[in-house]
Amino acid sequence: MNPTEHTLWVVAIIVGFVVVLAVAALLSLLIYLIKVIDKRVAAIGGTLTAAKANTASTVLIPQVADGVDAVLAEGLQHHLFLGRVVETVKSS
Amino acid sequence: MTVLVVLTVLVIVALIAGLAFYLYWAGTLLDRIGANLEGAADIVRGIVADAKLIGPGVEHINQTGGVVAGALPLLYGMAEQIVAGVTPAPPAPEVPEPARPASGTRRSRLLHAVGYAPAELSRIGLPAASRGQRAPGLLTSLTVR
C-alpha cells in the first residue's frame with residue numbers, strides 16, 4: 001500500500017466516524033421530536049376523553065324532548081277540559 | 001494495515017448498530033403514537049355520535065316548547081273566564097249606600113251629569129237612568145239623590 005492510499009483510507013475512516021456521529025445526532029433529534037409528538041398526542045387524548053365525558057349527557061336530550069311532548073299532550077288535555085268547563089259555565 | 005481494517009470494520013459496525021438502535025427506538029415510539037391516535041379516533045367517533053343527537057333534539061324541544069308557551073295564555077284566559085263565571089256577584093243592596101269620599105283617584109262625574117254611563121258602569125249596579133238611558137225623570141232622580 002502506498003502512502004497516498006494509506007492517507008485516503010485514514011481520511012475515509014475519519015469521514016466515516018464523522019458520518020456516524022452526524023447520523024447519531026440527527027437520529028437523536030428525530031427521537032426528540034417523536035417524543036414531543038407522543039406527549040402532544042397523549043394530551044390530545046386526554047382532552048378528547050374530557051370532551052367525550054361532557055358530550056355523554058347528550059343522550060338525555062331526546063328524553064327531554066319526549067318529556068316536553070308529554071307536557072304538550074297534558075296541556076292539550078287541560079285545554080279540552082277548560083273548554084268544556086267554560087261552555088258549561090257560560091250556558092248555566 | 002490491520003489497524004485500518006479494524007477501524008473500518010468498527011465504523012461500519014457502529015453505523016449499522018447506531019441506525020438499528022435509533023430506528024428501533026423511533027419505531028417503538030411511533031407505534032405508541034399510532035395506538036394513541038387510534039384511541040383518539042375512537043373517542044372522536046363517540047363525540048360525533050353524541051353531537052348528532054344535539055341538533056334534532058334541541059330543534060324538537062324548541063318547537064314543542066314554542067307550542068306550549070303559545071298555548072299557556074289561552075289556558076289561563078279560559079281559567080279566568082271560568083273563575084269570572086262561577087264567582088257569585090254580590091246582591092245589590094235595597095238601599096244604596098251613602099256616597100263616601102273616594103280614597104283614590106276621583107272618578108269623573110261629567111258623564112253621569114248628562115245621563116251617560118259606559119257599559120262597565122252597569123256592573124256596579126247604578127240605576128238605569130244613569131246607565132246611559134236618557135230617562136224622562138233624569139233631572140228629578142238626580143235632584144232627589
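Throughout, protein chains are lettered first and strands after them, A, B, ... in sequence-line order, and every chain is numbered starting at 1.
- When the candidates Pro62(A), Ala24(A), Gly45(A) are compared by the number of heavy-atom contacts under 4.5 Å with chain B, Ala24(A) comes out ahead.
- Cluster annotation: Leu4(B) and Val19(A) are assigned to the same hydrophobic cluster (Ile/Leu/Val/Met/Phe/Trp/Tyr, side-chain heavy-atom contacts under 4.5 Å, transitive).
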Worked check of side chain to side chain contact (heavy atoms under 4.5 Å, CB included) between Trp25(B) and Leu27(A): CA-CA 10 Å; Trp25(B) 194 0; Leu27(A) 287 175; over 6 Å; no
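- The most heavy-atom pairs under 4.5 Å with chain A, out of Ile82(B), Leu7(B), Val58(B), Ile54(B), come from Ile82(B).
- For the atom pair Met78(B) CE and Leu80(A) CG, the distance stands at 8.5 Å (nearest 0.5 Å).
- Between Ile47(B) and Leu48(A), the closest heavy-atom pair is CD1-O, 3.7 Å.
- Here the CG-CD distance, from Leu72(A) to Gln63(B), works out to 10.0 Å after rounding to the nearest 0.5 Å.
- Looking at Ala71(B), there are no atoms closer than 4.5 Å to chain A (heavy atoms on both sides), in backbone or side chain.
- Hydrophobic clustering (side-chain heavy atoms under 4.5 Å, transitive across Ile, Leu, Val, Met, Phe, Trp, Tyr) groups Phe21(B) together with Leu15(B).
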Verdict with reasoning, Tyr22(B) to Ile31(A), per side chain to side chain contact (heavy atoms under 4.5 Å, CB included): CA-CA 8 Å; Tyr22(B) 277 108; Ile31(A) 294 294; 3.9 Å; yes
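- Interface check for chain B: of the options Val41(A), Ile44(A), Val71(A), the most heavy-atom pairs under 4.5 Å are formed by Val41(A).
- The candidate with the highest count of non-hydrogen atom pairs below 4.5 Å against chain A, out of Leu37(B), Leu29(B), Val67(B), Asn36(B), is Leu29(B).
- Using a 4.5 Å heavy-atom cutoff, the side chains of Arg32(B) and Asp38(A) are in contact.
- If you chain together hydrophobic residues whose side chains sit under 4.5 Å apart, Ile14(A) and Val13(B) fall into the same group.
- The shortest non-hydrogen separation linking Gly57(B) to Ala65(A) is O-CB, 4.3 Å.
- Both Ile13(A) and Val9(B) are assigned to one and the same hydrophobic cluster, defined by single-linkage of ILVMFWY side chains at heavy-atom distances under 4.5 Å.
- Donor-acceptor pairing under 3.5 Å is recorded for the side chains of Asp69(A) and His60(B).
- Between His6(A) and Met1(B), every side-chain heavy-atom pair lies at or beyond the 4.5 Å cut-off.
- Clustering ILVMFWY residues whenever any of their side-chain heavy atoms sit less than 4.5 angstrom apart, transitively, puts Ile16(B) in a cluster other than the one holding Phe17(A).
- Using a 4.5 Å cut-off between heavy atoms, Thr47(A) does not touch chain B at all.
- Of the atoms belonging to Val23(A), it is side-chain heavy atoms, and not backbone ones, that fall under 4.5 Å from chain B.
- Interface summary for chain A: among Leu72(B), Val5(B), Val3(B), Leu23(B), the most heavy-atom pairs under 4.5 angstrom belong to Val5(B).
- Here the CD1-CG distance, from Ile34(A) to Leu30(B), works out to 4.0 Å after rounding to the nearest 0.5 Å.
- Atom CG of Asp50(B) sits about 4.5 Å away from atom NZ of Lys52(A), to the nearest 0.5 Å.
- No other option in Ile12(B), Leu10(B), Leu19(B), Leu53(B) has as many heavy-atom pairs under 4.5 Å with chain A as Leu53(B).
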